[in-house]
Structures are given as C-alpha cells and as structure tokens.
Amino acid sequence: MSKVRSVGEEVWKHKTDKINSELLTLTYGSIVAQLVADFDHDYAKVNKQLDKMGYNIGLRLIEELLAKTGLPRCQNFRDTAEAVAKVGFKMFMNITPTISNWSVDSKQFSLVFTENPLAEFVELPDKPNARDLWYSNIYAGVIRGALEMVQLQVEAEFVSDAVQDPSLPTEIRVRLVKVLEDEIPPGED
Amino acid sequence: MGVKSIYILNKAGGLIFQRDFGDSLSKLDSNDYLVIAGTLHSVHAITTRISPVAGSSGLTVMETPSFSLHIFQSQTGIKFMILTDRQQYGIDSIASRIHHLYSDYVMKNPFYTLEMPIRCEKFDRYLGAYISTVA
C-alpha cells in the first residue's frame, strides 16, 4: 500500500497549485466564527452546517482526485481508508492522518491528526458549551460527500479534538454504512 | 484530423454537454444529441453485461470507416464520449485532460449544479483551447 502514499506525494508535488496555508486557516476561521455568530452560539447547528458545507465540497472534490491520480477503484474499505488519508488529505491539505482503531469487521476506522492546518491558531470561545463545537467538522462532511460519489455511504464524525482538549488527539471516526451497489455504474462493478 | 466531438453524460445517461469541433460534422437536431447520448449510455451498460469476461468495463472504443468513438467513464459514473478521426492516437491522455478540465472548471464552479447541463464559459474556453492543440 506504499504505492498509495507515493501517488499522494506525487500529486502533491507536481500536480496541485499551492496557496499560503494561513490564507486557508484564516478564511476557514472567519467562516466558522461567522456561523457561530449567525447561529447565536448554537454549536450543534454550527457543526451541522459545517458538515453540510463539507459534504457539498466533497461531492465536487472527488472528481479532481480521480482526474489527477487515476486511482483504480478500491477493492475494500481498507483501501478506501488508505486513499482518503494518503491521497485525499495529502493532496488537498498536505497532511497525512494516521489510520487506526479498525473495528473487527473492517467497517470502521479512525483518522488521527497530529497536525491540523485549519485549527492552527484556534482557541475556542470562553462559553460553557463551547466544547460542543467540532471546529474542523468540515472534514467530516468532505469525507462523507466524496465517498458517496464513489458509491460508499459512510458516516463520519469527530470523537475528539485537540482544539477542545490538548491532551486528546484530533480524531475522526469513519463508519461504512453500506456500499451503494445500485449506484455503481455499469462497467465499474 | 483530431477530435471531432465531445459528449459528456451524467450518471443517469443524460446529456449534459455536447460540442463539435471543426466544421466536418453536420449539425443535428438538438433532440438527436439526447437520443444518441441515451442510446450509447444503454449500449455501454449492455456491453458490460454481455461480456464473456466478468468485470468488463464495457464498450470503450468503436471504430467505423470514418471515425472512432471512445468512451471513458469516471468512477463517479460520469461518461466522456470522444469522437475522433481514425488516426487519432493518445486517446487516454486526451480523455484524462478533458476529465481534468471538467474537474476544475465544472465541478469547482460553485454555481454549477451537479448533474445538470454544463453552461460554464471557462470550461468551454479551456476545452476549445486544448482541443485545438490536439493534432
């Protein structure tokens, strides 16, 4: 599977346009802050909105990943995890989260982030319920949207975030709900 | 010589983009393009089923005395159909380049609605510029 890693690195090095990461960090920060203001500190709603925004991004972004990498269809969910972590996150964010905590049935895994460009400068507001906010929840939505387009229905959610508690890792749990067999285009099955 | 026409089909087989290049092709009734797209979509699906080999990708190229038809399908189910003359080589890289332009100028256009007809001026422009370089 080291091949997947090299695909990710190759694309990152030669095929993607780069921007200053602080531009992204600050833009994302202002979006989240605006949502928090708009929803009047109802963090559950903010989480939901971020997930939805990510989902809509994921639906579109997957095509670029496929176009730029020419990756073949994943044979199982473990391949999918590798592709998400080592190609997807690498080419779009230049980070490679660690894959861990596989469930016995190989339908759930965790992505553990040692670094997170989105949360570089973030301290959560001093509100009693601020810990309800999953600051980087857009990731979860992107994963869900992108995988849906390749006919994998998944649930993705944060289980812990270093922004909330620095003693914890930043971890997203991804669970395969089902393979959307009916949606797989003929010729791809 | 070169690429004569490009069709893009959404995953349901609906025609979302069609453009002829050069003037060697006669114009068809707009409904005819939809029929062609729908028919080829079905034929492609049928060929995956009647293949003697399991896991066939289906129809990828059809040759006639006057032109070739190439079908490239992305894993998301989007299909690119490329009509070229028979001498055209390097179809894989042409298809890849078109897929690339599609992912950039269609999918990343925030005002493009997924699965709907493509009316993106930039996509048109960059596609035209690229195709004109294909010898």
Side-chain angles (χ1 to χ4, degrees), chain A residues 4 7 10-11 14-17 19 24 27 31 52-77 79-80 83-84 87-88 91-92 138 141-142 144-153 179-189, chain B residues 8-14 16 40-51 53-61 71-81 92-116 118 120 123 126 130:
Chain A
V4 174
V7 167
E10 174 71 18
V11 171
H14 304 295
K15 293 192 189 167
T16 51
D17 294 330
I19 60 161
L24 175 72
T27 307
I31 289 172
K52 195 172 155 194
M53 289 164 64
Y55 173 76
N56 287 323
I57 293 173
L59 293 180
R60 290 160 179 265
L61 221 47
I62 181 72
E63 205 68 55
E64 177 174 6
L65 184 146
L66 296 173
K68 285 192 174 163
T69 62
L71 272 186
R73 180 164 289 268
C74 294
Q75 294 303 308
N76 54 51
F77 203 47
D79 288 356
T80 307
V84 169
V87 183
M91 75 180 272
F92 292 113
I138 200 160
V142 171
R144 185 165 66 86
L147 292 183
E148 185 181 303
M149 288 299 271
V150 286
Q151 303 88 35
L152 295 173
Q153 188 184 346
V179 179
L180 300 164
E181 304 276 1
D182 295 347
E183 312 248 325
I184 297 177
E188 284 288 334
D189 39 358
Chain B
I8 303 179
L9 277 62
N10 66 17
K11 51 188 156 197
I16 55 173
L40 285 172
H41 177 77
S42 307
V43 168
H44 177 267
I46 291 168
T47 55
T48 65
R49 293 293 174 261
I50 61 174
S51 163
V53 186
S56 164
S57 63
L59 180 65
T60 54
V61 56
I71 299 182
F72 168 81
Q73 181 171 249
S74 153
Q75 285 158 46
T76 57
I78 289 280
K79 265 198 279 295
F80 299 88
M81 296 188 176
D92 285 351
S93 75
I94 294 174
S96 159
R97 187 76 204 139
I98 295 171
H99 189 197
H100 224 107
L101 290 170
Y102 169 81
S103 77
D104 274 350
Y105 296 104
V106 179
M107 294 308 273
K108 288 188 201 167
N109 176 352
F111 297 107
Y112 169 71
T113 312
L114 298 185
E115 305 283 311
M116 295 305 281
I118 299 168
C120 304
F123 177 64
Y126 286 103
Y130 169 65

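Residue numbering restarts at 1 for every chain, and letters A, B, ... go by the order of the sequence lines.
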Taking side chain as everything from C-beta outward and backbone as N, CA, C, O, which of these in A:L71 sits under 4.5 Å from a heavy atom of chain B? Side chain, backbone, both or neither. backbone
Can you tell me how far CE of A:M149 sits from CG of B:L114, rounded to the nearest 0.5 angstrom? 5.5 Å
Gap between atom OG1 of B:T76 and atom CG of A:L66 - 0.5 Å precision: 6.5 Å
Atom of A:R73, atom of B:Q75 and distance for their closest heavy-atom approach: NH2-O, 3.0 Å
So, applying side chain to side chain contact (heavy atoms under 4.5 Å, CB included) with A:E64, which one of B:H99, B:H100, B:K108 is it? B:K108
Pick from B:A54, B:G55, B:S74, B:P110: which one has the most heavy-atom pairs with chain A under 4.5 Å? B:S74
For B:G77 versus A:P185, what's the shortest heavy-atom pair and its separation? CA-CG, 3.6 Å
Relative to chain A, which segment of B:R97 carries a heavy atom at a distance below 4.5 Å: side chain, backbone, both, or neither? neither
Considering only heavy atoms and a distance below 4.5 Å, find which of B:Q73, B:R49, B:H44 pairs most often with chain A. B:Q73
Region of B:N109 that comes under 4.5 Å of a non-hydrogen atom in chain A: backbone
With a 4.5 angstrom heavy-atom cut-off, is it the side chain or the backbone of B:S57 that approaches chain A, or both, or neither? both
Contact origin within A:Q151 toward chain B - heavy atom pairs under 4.5 Å: side chain
What part of B:I78 is in contact with chain A, defined as an atom under 4.5 angstrom from a non-hydrogen atom: side chain, backbone, both or neither? side chain
Using modelled atom types only, decide if a donor and an acceptor are shared between the side chain of A:R60 and the backbone of B:M107 within a distance under 3.5 Å. yes
